Amino acid sequence: MISKKVSNVQQALNGVTNGMTLMLGGFGLSGIPENAIAELVKLGVNDLTCISNNAGVDDFGLGLLLQKKQIKKMISSYVGENDEFERQMLSGELDVELIPQGTLAERCRAAQAGFPAIYTPAGYGTEVAEGKETRAFDGKMYVLEHAFKADFAFVKAWKGDEAGNLIFKGTARNFNPNMCGAAKITIAEVEEMVPLGTLDPNQIHIPGIFVQRIFKGQQYEKRIEQRTVRQKE
């Protein structure tokens, strides 16, 4: 067995340089690779293209990279929680490609499976389909969407072992599984690293074949974008 475990986030991000295309798991702030994002900020890499469902909030998640002007292009579905994102997009500082959420997921999954493209009905007849090939199947129109091509995919899991086998917990099982194996190198950060053979094979969500590096993350904040609580009576 080849161990894919690395000692820390610094080793995990070895090879990340300016101008790369990165996938980052998570939905809102749920299940985002917090340690990897913080290290990207420290590294100071820039001109990044980031593929992620959303762009975090102003002071957390991908919002930290936006603060430092490290992202040149965002490929996302939902971006409504980040004022700095809005400012950069409207000023022309940030290139933005908005994609229907299901299409974003399937373009990740296509890359994971080795498919060059998919056909989807989402977006047909709208701006989303402009300039793209369309085709009818059984009387319904579909849009051709190409699989993503990324240099690194950063995902966050609950548990993992040295072989890279992963278990996701709760709503962290969002875009994370789809992004595993969807880039040249997949890096997984986990809350708990367990010995090989500890994980029940029937409970593993992503096998280690889709992961190249794995490390135990530290000090997860697990923030909630907008917490609403009921007032006590």
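Values below: every heavy atom of this structure, side chains too, minus hydrogens, waters and symmetry copies. Worth saying up front: this structure is predicted, and the values here are computed from it rather than measured.
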Discussion item. For Tyr124, does the six-membered ring have the charged nitrogen or CZ of Lys140 within the cation-pi criterion, i.e. under 6.0 angstrom from the centroid and within 45° of the normal?
Written reply: no
Treating [X] as the side-chain partner and [Y] as the backbone partner, does any N or O pair qualify as donor plus acceptor under 3.5 Å?
X	Y	answer
Glu189	Asn35	yes
Asp59	Leu64	no
Ser91	Arg87	yes
Asn176	Arg173	no

Do the charged groups of [X] and [Y] touch, with an N to O distance under 4.0 Å?
X	Y	answer
Glu162	Lys4	no
Glu93	Lys72	no
Arg107	Glu145	yes

Worksheet item: Is the shortest heavy-atom distance from the side chain of Ile204 to the side chain of Ile206 under 4.5 Å?
Response: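 No - every pair of side-chain heavy atoms lies 4.5 Å or more apart.
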Item to complete: Report yes if some heavy atom in the side chain of Gln11 is under 4.5 Å from a heavy atom in the side chain of Asn8; otherwise report no.
Response: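 Touching, per the 4.5 Å side-chain cut-off.
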Discussion item. Test side-chain contact (heavy atoms from CB on, under 4.5 Å) on Phe85 and Leu94; report intermediate values, then the result.
Written reply: CA-CA 8 Å; Phe85 180 100; Leu94 180 67; 3.7 Å; yes
Fill in: Geometric class of the Tyr142/Phe137 ring pair [parallel <30°, tilted 30-60°, perpendicular >60°]
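Perpendicular, since the angle between the ring planes exceeds 60°.
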Practice prompt. Go through Phe152 and Val16 one step at a time and tell me if the side-chain contact (heavy atoms from CB on, under 4.5 Å) criterion holds.
Written response: CA-CA 8 Å; Phe152 284 86; Val16 178; 3.8 Å; yes
